[in-house]
Amino acid sequence: MQLSPVQINHLYNRACFGLSFTRFQELDTASHEQVIATLFTRAYQTDALKTFGPSPQATILQRVRGGEITREEARQLVQQEMRSSREKIRNLNLEWIDKMQASNSAGIEKLVYFWHDHFGVRVLNGYLAQEHNNTLRRHALGSYKELLRAVAQDGAMLNFLNNQQNVKSKPNENFARELLELFTLGRGNYTEQDVKEAARAFTGWRIDRRTNRFVFDQRNHDDGRKRFLGKEGTFDGNDIIDILCDDRRTAYFLAKKLYAFYVSDVPNEVHIEAMATYYYANNYQTDALLRFTFAQPWFYQEEQVQSKIKSPLELINGLETQLGLSFGNAAGWLLLQRNFAQVMFYPPSVAGWPKGQEWIDSSSLVNRMKLPAIMVGLDRIQEEESPELDATDPFQQ
């Protein structure tokens with residue numbers, strides 16, 4: 001089977017952020033199998049974000065232990081580092097945008113963007129934000145179970161959903177609730193008692209604030225028996241993750257989200273079931289699921305082509321990739337993200353950003369129509385009359 005030019009462009013619109021004319025010329029005569037093979041060998045290469053160096057707290061702690069500085073000087077240095085983190089998060093944002101626009105990493109970065117939205121973590125500690133994003137990057141194409149385990153031990157997640165405060169004497173349910181509702185089973189597939197038991201299992205999972213590294217605090221862990229999703233045992237967090245991923249409803253929940261992201265805003269139960277079955281049978285290997293999806297004839301059906309409403313990030317990146325439009329300076333990217341209400345590293349909630357038609361209102365539609373002219377400096381963004389400002393937004397001027 002050979003894909004038509006429209007179908008090749010459709011694949012790259014969904015798997016990446018569009019297709020440049022140069023890359024299209026390389027694929028024009030390739031078979032369907034060759035197009036997919038080229039996609040995965042040439043658009044799924046990446047390395048870590050590097051705006052922030054080693055953990056500043058760990059570096060400062062080493063200086064204290066070495067006698068170079070006092071504890072009071074260390075405290076002041078940590079506060080100084082946190083203040084400078086605001087500017088560095090902007091630079092981190094731009095570093096990630098650069099990776100999204102590079103032809104050799106656009107595929108993996110779009111998937112990292114999906115996971116960034118899926119987990120919806122927001123922290124003002126730039127180092128933790130970078131570490132979280134790099135965790136997503138390391139596990140993006142691999143096993144979802146291992147990605148979930150890594151995120152559950154991630155400093156940004158532990159801080160954002162308050163698992164730092166989840167101790168045996170007073171369990172905090174925030175992380176456990178979102179784990180079940182947003183990261184695995186989906187609403188309606190668990191009970192309040194399941195949330196409470198999962199929270200008990202994750203007691204003692206926290207980050208060492210001196211090193212920004214995960215630690216298991218045995219003294220604050222509830223090692224008693226728990227009953228979770230019909231199973232009983234002295235479960236810890238790892239056991240809960242295993243039980244959740246053994247439940248086929250998790251595969252369906254994830255397949256439905258991936259279908260909406262890569263295929264269509266309108267769900268098709270037959271196609272979603274096929275994806276869920278394949279994902280579950282292949283141990284949640286995400287690269288295998290994407291290859292399977294991109295190989296299906298229904299992925300290229302006419303009703304799928306140009307049927308999705310892109311998020312602002314996808315729309316802006318697509319114009320740059322396909323048309324070569326760009327800004328005179330990088331600050332333009334930050335301005336557009338803010339005015340289109342989609343700032344990377346700053347999702348509005350743990351549920352992530354709006355989806356599909358939720359992105360469209362009278363103001364955003366006007367700005368979308370004017371976007372090419374805005375990007376080349378021939379027009380201006382239409383701002384809300386009274387934009388709501390958030391004092392915790394690191395990108396706010």
Point-to-point distance, once rounded to the nearest 0.5 Å, from CZ of Arg291 to OH of Tyr278: 9.5 Å
Minimum side-chain heavy-atom gap Leu290-Leu111 below 4.5 Å: yes
Option among Gln101, Lys110, Lys310 that satisfies the side-chain hydrogen bond (donor to acceptor under 3.5 Å, both in side chains) test with Asn317: Gln101
Min side-chain heavy-atom separation His132-Val123 under 4.5 Å: no
Salt-bridge present (Glu358, Lys355; N to O < 4.0 Å): no
Gln306, CD atom: more than 12 neighbouring heavy atoms under 6.0 Å: no
Step-by-step side-chain hydrogen bond (donor to acceptor under 3.5 Å, both in side chains) determination, Gln130 to Thr51: CA-CA 8 Å; Gln130 176 176 282; Thr51 294; 4.6 Å; no
Residues Tyr259, Glu269; criterion side-chain hydrogen bond (donor to acceptor under 3.5 Å, both in side chains); working and verdict: CA-CA 10 Å; Tyr259 182 88; Glu269 288 300 319; over 6 Å; no
Nearest-0.5 Å distance that lies between atom CG in Leu92 and atom CD1 in Ile97: 10.5 Å
Parallel, tilted or perpendicular: rings of His118 and Tyr144 (30°, 60°): perpendicular
Residues Asp242 and Lys145 bridged, charged N to O under 4.0 Å: yes
Validation row: Asn238, Gln153 side chains within 4.5 angstrom (heavy atoms): yes
Sidechain-backbone polar pair: Tyr279 side chain, Ala255 backbone, donor-acceptor under 3.5 Å: no
Test item: Arg249 side-chain N/O and Leu185 main-chain N/O as donor-acceptor pair under 3.5 Å: no
Least distance between heavy atoms, Ala140 atom then Val112 atom: CB-CG2, 4.2 Å
Backbone of Ile316 reached by a side-chain donor or acceptor of Glu320 within 3.5 Å: no
Verify same cluster id: Val263, Val266 (apolar side-chain graph, 4.5 Å): no
More than 12 heavy atoms of other groups within 6.0 Å of Gln357 CD: no
Separation between OG1 of Thr293 and CD of Gln296, rounded to the nearest 0.5 Å: 7.0 Å
Atom pair CZ/CG of Arg227 and Leu229 - distance to nearest 0.5 Å: 10.0 Å
Worked verdict on Asn212 versus Leu128 for side chain to side chain contact (heavy atoms under 4.5 Å, CB included): CA-CA 8 Å; Asn212 282 325; Leu128 291 183; 3.8 Å; yes
Donor-acceptor contact present, side-chain Arg219 to main-chain Gly204, <3.5 Å: no
Residue Lys257 excluded, over 12 heavy atoms near NZ under 6.0 Å: yes
Aromatic plane relationship, Phe292 with Trp298 - under 30° parallel, 30 to 60° tilted, over 60° perpendicular: perpendicular
Heavy-atom pair of closest approach, residues Asn172 and Leu161: OD1-O, 4.1 Å
Leu11-Val305 co-clustered via ILVMFWY side chain contacts under 4.5 Å: no
Ring centre gap for Phe202 and Phe175 strictly below 6.0 Å: yes
Geometric class of the Tyr280/Tyr284 ring pair [parallel <30°, tilted 30-60°, perpendicular >60°]: perpendicular
Check: Trp205 side chain, Leu158 main-chain N or O, donor-acceptor pair, under 3.5 Å: no
Shortest non-hydrogen separation from Ile108 to Tyr44 and the atoms involved: N-CD2, 3.5 Å
Leu49 backbone acceptor or donor facing Asn134 side chain under 3.5 Å: yes
Sub-6.0 Å ring centroid separation between Trp353 and His116: yes
Residues Glu131, Arg213: salt bridge by 4.0 Å N-O rule: yes
From Leu3 atom CG to Glu33 atom CD, the distance as rounded to the nearest 0.5 Å: 8.5 Å
Heavy-atom pair of closest approach, residues Gly126 and Ile89: CA-CG1, 3.6 Å
Point-to-point distance, once rounded to the nearest 0.5 Å, from CG of Leu148 to CG of Leu179: 5.5 Å
Lys99 side-chain N/O to Asp47 backbone N/O, donor-acceptor pair under 3.5 Å: yes
Audit row: Asp361, Ser364, side-chain hydrogen bond (donor to acceptor under 3.5 Å, both in side chains) steps and yes/no: CA-CA 5 Å; Asp361 58 30; Ser364 65; 3.0 Å; yes
Short N-O contact, Arg177 and Glu192, less than 4.0 angstrom: yes
Note, Gln2 side chain near Ser31 side chain (heavy atom, < 4.5 Å): no
Backbone of Ala274 reached by a side-chain donor or acceptor of Thr277 within 3.5 Å: no
Main-chain N/O of Val195 paired with Glu173 side-chain donor or acceptor, under 3.5 Å: no
Nearest heavy-atom neighbours spanning Ile8 and Asp28: CD1-CA, 4.4 Å
Hydrophobic cluster membership, Val167 vs Ile207, 4.5 Å side-chain cutoff: no
Side chains of Asn174 and Gln165 in contact at under 4.5 Å (non-hydrogen atoms): no
Test item: Asn166 side-chain N/O and Ala199 main-chain N/O as donor-acceptor pair under 3.5 Å: yes
pair Leu94-Arg90: side-chain heavy atoms closer than 4.5 Å: no
Criterion side-chain hydrogen bond (donor to acceptor under 3.5 Å, both in side chains) on Arg200 and Thr203, from CA distance to verdict: CA-CA 5 Å; Arg200 291 176 59 209; Thr203 51; over 6 Å; no
Whether over 12 other heavy atoms sit under 6.0 Å from Lys50 NZ: yes
Test item: side-chain donor near acceptor, Tyr113 and Ser311, under 3.5 Å: yes
Close aromatic pair by centroid cut-off 6.0 Å: Phe261 and Trp115: no
Ion pair check, Arg368 and Glu314, cut-off under 4.0 Å: no
Min side-chain heavy-atom separation Leu182-Val350 under 4.5 Å: yes
Passing option when His32 is tested against Tyr300, Phe299, Phe294 for ring-ring contact (aromatic ring centres under 6.0 Å, His included): Tyr300
Val215 reachable from Tyr127 in the ILVMFWY side-chain graph, under 4.5 Å edges: no
Hphob cluster co-occupancy, Val6 + Phe24, side-chain heavy atoms under 4.5 angstrom: no
Nearest heavy-atom neighbours spanning Ile241 and Ala152: CD1-CB, 4.1 Å
